[in-house]
Protein chains: 2
Amino acid sequence: MAEARLPEPTGPMVVLIEDEPQIRRFLRPTLISQGYRIVEAVSGEDGVTQAATRQPEIVILDLGLPDMDGLEVIRRLREWTAVPIIVLSARGQERDKIAALDAGADDYVAKPFAVGELLARMRVALRHAAQSAREPTDSTFAVGDIRVDLGRRRVFVSDAEVHLTRTEYKLLTTLIRHVGKVLTHRQLLQEVWGPPYADQTHYLRVYMGQLRHKLEVEPARPRFLLTEPGVGYRLVTE
Amino acid sequence: MAEARLPEPTGPMVVLIEDEPQIRRFLRPTLISQGYRIVEAVSGEDGVTQAATRQPEIVILDLGLPDMDGLEVIRRLREWTAVPIIVLSARGQERDKIAALDAGADDYVAKPFAVGELLARMRVALRHAAQSAREPTDSTFAVGDIRVDLGRRRVFVSDAEVHLTRTEYKLLTTLIRHVGKVLTHRQLLQEVWGPPYADQTHYLRVYMGQLRHKLEVEPARPRFLLTEPGVGYRLVTE
DNA sequence: CCACCGCGTCAAGAAACCGTCAAGAATCGG
DNA sequence: CCGATTCTTGACGGTTTCTTGACGCGGTGG
């Protein structure tokens, strides 16, 4: 396992989201010497975008970013990708670690950190990814005239952007995550609104109606957002 | 993700390989209160055996064992299992961490450790396991011209989709679950409609008729959905 | 032979479910 | 604080699905 890695130009790609130039200057040559391809982002927004466009094998994320809460970055990424996220943070408090790990981070390394340990933890992350044979996720979803850019949270119909509210978007991405499958009323309500709402099926009717209105050509006879009477809803491709 | 977990007797099983009674006494109630089932081992040899016999969801391993090098325990486990291994160690040296992680450990927590962090890292490990476990969920059932995609809840006859109502589908999947065997009226009614309906055999006649009408080529002389007079029904393959 | 029983079929009324609209309430941004 | 957006809730009508009863068939046993 611990074989020496020589520099190779097509190794795993890492997106490094880190605003401190000092750390970037330090990490960049180290990672490159280990054979990684590296893409740097200096803000959370940029980081999410880079992760969406480059589809890296690993994301290394500093929690202390200027523009955005680090936890928010994790959540944004986890909306559409399972890419391993290793958090770097100056805050070594237990509750920070717990919050980041529960938000979807895979590992947490407190600063100042030993670079050898970071590299070892990166190898662990790569091992996991290889094991589940997970390809880097495509950050866009498309069906018919509908296109969803999950990284940027934007939705287009026939190349015209349509605005979805937060709830509408969450409902749509939930359906996308399980595309093809029927999601029961319960599942949808729990995932989108939270467990306490598991019985408020009326919400579903209202919001499915709004989604159809915004996305379907003929909302009354939907082609993609289908009803399974008595069961739930499903998103179908073609 | 950070929902409160109540104690439940059938949660994930943890094998804790740890020779210090102090730490065992401390961890045991904590893990149990989180709903884990816990098996303790006080030596490396015992730990490997327990992991093999109990098939736990997680292994927590102290590196400083009396009988065996901790790295050796990791290697022994990795010979046959991919179960997540979280290492606990009093040695916080970088090279110890690297060695353990590269030997196959998934995480490394230095003592003294914060128990909340350990629990969070355990949740991460469980997440990984759950993720890689749920790839092959593409079960379909087929007999004659009839094809049932159980994952997507769809039914086809001669490659044309037919729509089943909720009750029809439930009846069909119940028959599929017991394919080949005779199901009595009682069994079917209880499984599909619920115990209070155990005597409403008329329902069965109506719905079996509808199923045959939708699935059989010659509903009056069914090839697959057969009646066992006086007993119940059965689904046969050829 | 005929009454009876289990089974299959059909259909109509009842009930449940779904989509739609719209009006307040709550929330957000300025 | 105000205006705009979004969420929440209720009402209503159309549709699907369930439930129930009636009836016919065929086998069985009196």
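This one's a predicted model, so the numbers in the text were calculated from it and none came from an experiment.
Regarding A:Leu211, its CG atom lies at a distance of 14 Å from the C1' atom of D:dT6, rounded to whole Å. Between B:Tyr169 atom OH and D:dT17 atom P the separation is 15 Å, expressed in whole Å. Spacing between atom OH of A:Tyr197 and atom C1' of D:dT9 amounts to 12 Å, rounded to whole angstrom units. Residue B:Leu215 contributes atom CG, which lies 15 Å from atom P of C:dG8 at whole-angstrom precision. For the pair A:Asp199 CG and D:dT9 P, the interatomic distance rounds to 13 Å; values are reported in whole Å. Regarding B:Leu171, its CG atom lies at a distance of 14 Å from the C1' atom of D:dC18, rounded to whole Å. When the P atom of D:dG26 is taken as reference, atom CZ of B:Arg221 falls 13 Å away, rounded to whole Å. The distance from atom CD of A:Glu168 to atom P of D:dT5 is 13 Å, rounded to the nearest whole Å.
Put simply, A:Trp193 has no side-chain N or O that comes within less than 4.0 Å of OP1 or OP2 on D:dC7. Look at A:Tyr203 and you'll find a side-chain N or O under 4.0 angstrom from OP1 or OP2 of D:dT9. Residue A:Thr165 places none of its side-chain N or O atoms closer than 4.0 Å to OP1 or OP2 of D:dT6. Contact check, A:His163 against D:dT5: no side-chain N or O comes under 4.0 Å of OP1 or OP2.
For the pair A:Arg75 and A:Glu72, the salt-bridge criterion is met [side-chain N within less than 4.0 Å of a carboxylate O]. A:Arg177 has a carboxylate O that lies under 4.0 Å from a charged side-chain N of A:Glu191, or vice versa, which qualifies the two as a salt bridge. Salt bridge annotation for A:Arg147-A:Asp159: present, with a cationic side-chain nitrogen under 4.0 angstrom from a carboxylate oxygen. Looking at A:Glu18 and A:Arg24, no side-chain N of the basic residue comes within less than 4.0 Å of a carboxylate O on the acidic one, giving no salt bridge. Checked for salt-bridge contact, A:Asp106 and A:Arg78 meet the test: a charged N lies under 4.0 Å from a carboxylate O. Using a cutoff of 4.0 Å between basic side-chain nitrogens and carboxylate oxygens, B:Glu218 and B:Arg212 are not scored as salt-bridged.
Checking A:Thr140 against A:Arg154 by side-chain atom types alone, no donor-acceptor pair falls below 3.5 Å.
Recorded end-axis angle for the helix from C:dC1-D:dG30 to C:dG30-D:dC1 stands at 30°, based on five pairs per end and rounded to 10 degrees.
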* Asked: Can you give one letter per nucleotide of nucleotides 10-30 of chain C, going 5' to 3': B for a protein heavy atom under 4.0 Å from the base, S for sugar-phosphate only, - for none?
  -> B------SBBB----------
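Proximity of a side-chain donor or acceptor of B:Glu228 to a complementary backbone N or O of B:Arg234 within less than 3.5 Å is not detected.
The salt bridge (Lys or Arg N to Asp or Glu O under 4.0 Å) contacts involving residues 195-206 of chain B comprise B:Arg186-B:Asp199, where partners must be two or more places apart or lie in separate chains.
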